[in-house]
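One structure is given here, and the rest of the page talks about it.
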Amino acid sequence: MKAEKRRAVPMKLQRDLALKLCADLMRQAGMVPVEVTPKFELDHVPALALRDFDPTTGEHRPHQHDPAHLVWMTKEAHAAKTFGNGATTRGADAGEIAHHRRLSAKEMEFRARMLAKEHGTEPPEPKRKHKIPRPPKRQAKPQRTATRPLAKPLLGAAP
């Protein structure tokens, strides 16, 4: 009986073996403890929400599966890059996305005001936060002066 023909190694097996090799190299380099098996995830650099996209096709620029913009990272490092270190999102993808969203809204309002000014039309009403209703200020009690007699005599004072 003849041996079966040589077949191509499936991509999933190739990926798993490459990740195992990376984990072994990280252990040898002392980047990860020997008893720990690191788990890997793909990270988009820059994040998809921060990329420009084509409005007609909806595709990101660069494409979301572009190999030049995909990086294998350990699961812990990927979480830190995406969500921050726990104390803050400063520098993390989530913080940058929120910052970009806030700036985009402000920029759109600014552009609407400038276009209204350029065309001589009424500018849109600015969005203002609702003021918290506060209780009215109490009337101040009249202070004692040298010209005004006290309504009640002070304790221990002679009349």
Side-chain angles (χ1 to χ4, degrees), residues 1-140:
M1 187 163 171
K2 282 176 102 176
E4 68 177 317
K5 289 185 177 182
R6 184 176 182 154
R7 294 184 292 170
V9 179
M11 287 301 293
K12 183 179 184 315
L13 182 60
Q14 290 181 32
R15 182 203 64 196
D16 292 344
L17 290 173
L19 292 176
K20 182 180 178 305
L21 176 65
C22 286
D24 291 342
L25 291 173
M26 288 176 77
R27 277 193 214 96
Q28 288 176 4
M31 296 171 69
V32 195
V34 175
E35 61 276 357
V36 174
T37 303
K39 294 183 180 177
F40 293 95
E41 294 179 347
L42 272 174
D43 181 42
H44 293 90
V45 180
L48 292 178
L50 296 174
R51 293 185 190 184
D52 192 22
F53 65 93
D54 185 6
T56 57
T57 63
E59 289 186 3
H60 290 92
R61 287 184 235 145
H63 193 273
Q64 60 183 329
H65 297 149
D66 185 356
H69 297 277
L70 290 170
V71 178
W72 282 106
M73 300 178 87
T74 61
K75 189 173 184 177
E76 295 80 17
H78 184 229
K81 181 183 177 293
T82 304
F83 303 111
N85 61 9
T88 179
T89 58
R90 180 79 175 170
D93 289 343
E96 295 298 320
I97 291 167
H99 180 72
H100 182 67
R101 191 177 304 124
R102 284 190 303 271
L103 283 182
S104 295
K106 287 180 183 177
E107 186 178 347
M108 294 302 285
E109 292 173 10
F110 174 75
R111 286 182 181 183
R113 286 195 314 270
M114 291 298 106
L115 285 173
K117 188 182 279 187
E118 184 178 303
H119 296 295
T121 60
E122 187 69 26
E125 278 293 314
K127 292 183 180 178
R128 296 209 168 116
K129 295 180 182 177
H130 293 21
K131 289 188 176 181
I132 300 171
R134 297 184 184 205
K137 292 183 179 179
R138 293 193 287 173
Q139 295 292 329

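A quick note: this is a predicted structure, and the numbers were derived from the prediction, not measured. One-based numbering along the sequence shown.
- Lys20 pairs by the side-chain contact (heavy atoms from CB on, under 4.5 Å) definition with Asp24, not counting sequence neighbours.
- Counting heavy atoms from C-beta on, the side chains of Met26 and Thr74 come closer than 4.5 Å.
- A side chain to side chain donor-acceptor pair (under 3.5 Å) check over residues 6-15, counting only residues at least two apart or in different chains, returns the pairs Lys12-Asp16.
- To the nearest 0.5 angstrom, Ile97 atom CD1 is 8.5 Å from Thr82 atom OG1.
- Judged by distance alone, with hydrogens and angles left aside, the side-chain atoms of Arg27 form no donor-acceptor pair with the main-chain N or O of Pro38 at under 3.5 Å.
- Going from atom NE2 of His99 over to atom OG1 of Thr89 covers 11.0 Å, rounded to the nearest 0.5 Å.
- For the pair Pro46/His69, a side-chain contact is recorded, criterion being any heavy-atom separation below 4.5 Å from C-beta on.
- Of all heavy-atom pairs spanning His100 and Leu50, the tightest one is CB-CD2, 4.0 Å.
- In this structure, CG on Leu115 lies 11.5 Å from CZ on Arg113, to the nearest 0.5 angstrom.
- Rounding to the nearest 0.5 angstrom, the gap separating the CD atom in Gln64 from the CG atom in Leu48 is 5.5 Å.
- Of all the heavy atoms in Thr57 and Asp54, the pair that sits closest is OG1-OD2, 3.2 Å.
- At least one donor-acceptor pair closer than 3.5 Å links the side chain of Arg51 to the backbone N or O of His63.
- Of the possible polar contacts, none joining the His44 side chain to the Leu70 backbone as a donor-acceptor pair under 3.5 Å is found.
- The structure places CG of Asn85 at 12.5 Å from CZ of Arg90, a figure rounded to the nearest 0.5 Å.
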side-chain contact (heavy atoms from CB on, under 4.5 Å) between Cys22 and Phe40, worked out: CA-CA 9 Å; Cys22 286; Phe40 293 95; 4.0 Å; yes
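- Legend: salt bridge (Lys or Arg N to Asp or Glu O under 4.0 Å) pairs involving residues 91-106, not counting sequence neighbours, sorted by first then second residue: Lys81-Asp93.
- By the neighbour-count criterion of 12 heavy atoms within 6.0 Å, atom CZ of Arg111 is sparsely surrounded, having that number or fewer from other residues, nucleotides or ligands.
- Of all non-hydrogen atoms in Ala92 and Phe83, the two that sit nearest each other are CB-C, 3.8 Å.
- Annotation for Met114: atom CE counts as buried by contact number, over 12 foreign heavy atoms lying within 6.0 Å.
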